[in-house]
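Data block below; observations after.
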Amino acid sequence: MQQQQQQRRMFTAALLALVFILAAVSTTEAGKKEKPEKKAKKSDCGEWQWSVCVPTNGDCGLGTREGTRTGAECKQTTKTQKCKIPCNWKKQFGAECKYQFQAWGECDLNTALKTRTGNLKRALHNADCQKTVTISKPCGKLTKPKPQGKLRLLKAA
């Protein structure tokens, strides 16, 4: 009789173990089926669109930029990100646009300016930059050629 009770207990224990194993397997499979649904929800969110970098102090250095995205199921639709604007870039063409400039041209005597052209080398944060830019600056002191004859007369006297 004790042997039959012991066999029943072992059979019951084995049956319970089998039930637990089946429950664990079905839970794991159910978890795998839920993951694609979560990915589908993430795809409802649009791509992040970023504003230009706004420096904290002055017109270069550390700053922040705002990001936004659209989507009905998105948990986060706006966020702020740290950014940096290099201080050695030409700010008149956009603080996030870097240009490679050619040598200065000859001085235009009519305008007293010399010019040079720069081609876009790099744009930070997908900034909207012009492909080519032209800058001008004063030529400096213009020296008019002095007549040599008057100097010789003064020296001779």
Is [Y] close to [X] at the side-chain level, that is, under 4.5 Å between some pair of heavy atoms?
X	Y	answer
T117	T132	yes
V133	F101	yes
S136	K114	no

[X] side, atom [atom1]; [Y] side, atom [atom2] - distance, nearest 0.5 Å:
X	Y	atom1	atom2	value
K82	T64	NZ	OG1	10.0 Å
Y99	R122	OH	CZ	14.0 Å
L120	Q100	CG	CD	11.0 Å
T134	Q102	OG1	CD	8.5 Å

Exercise answer: donor-acceptor pairs, residues 106-113 side-chain atoms, under 3.5 Å, sequence neighbours excluded:
residue	atom	partner	partner atom	Å
D108	OD1	N110	N	3.1
D108	OD2	T111	OG1	3.4
T111	OG1	L113	N	3.4

Exercise. Side chain of R69, backbone of Q76: donor and acceptor closer than 3.5 Å?
Worked result: yes
Exercise. Is there a donor in the side chain of Q81 and an acceptor in the side chain of R65, or the other way round, less than 3.5 Å apart?
Worked result: yes
Exercise. Are a donor atom and an acceptor atom from the side chains of S51 and E66 found within less than 3.5 Å of each other?
Worked result: no
Exercise. What closest approach, in Å, do T115 and W104 show between heavy atoms, and which atom pair accounts for it?
Worked result: C-CE3, 3.6 Å
Problem set entry | Within 6.0 angstrom of Q5 CD, more than 12 heavy atoms from elsewhere | yes
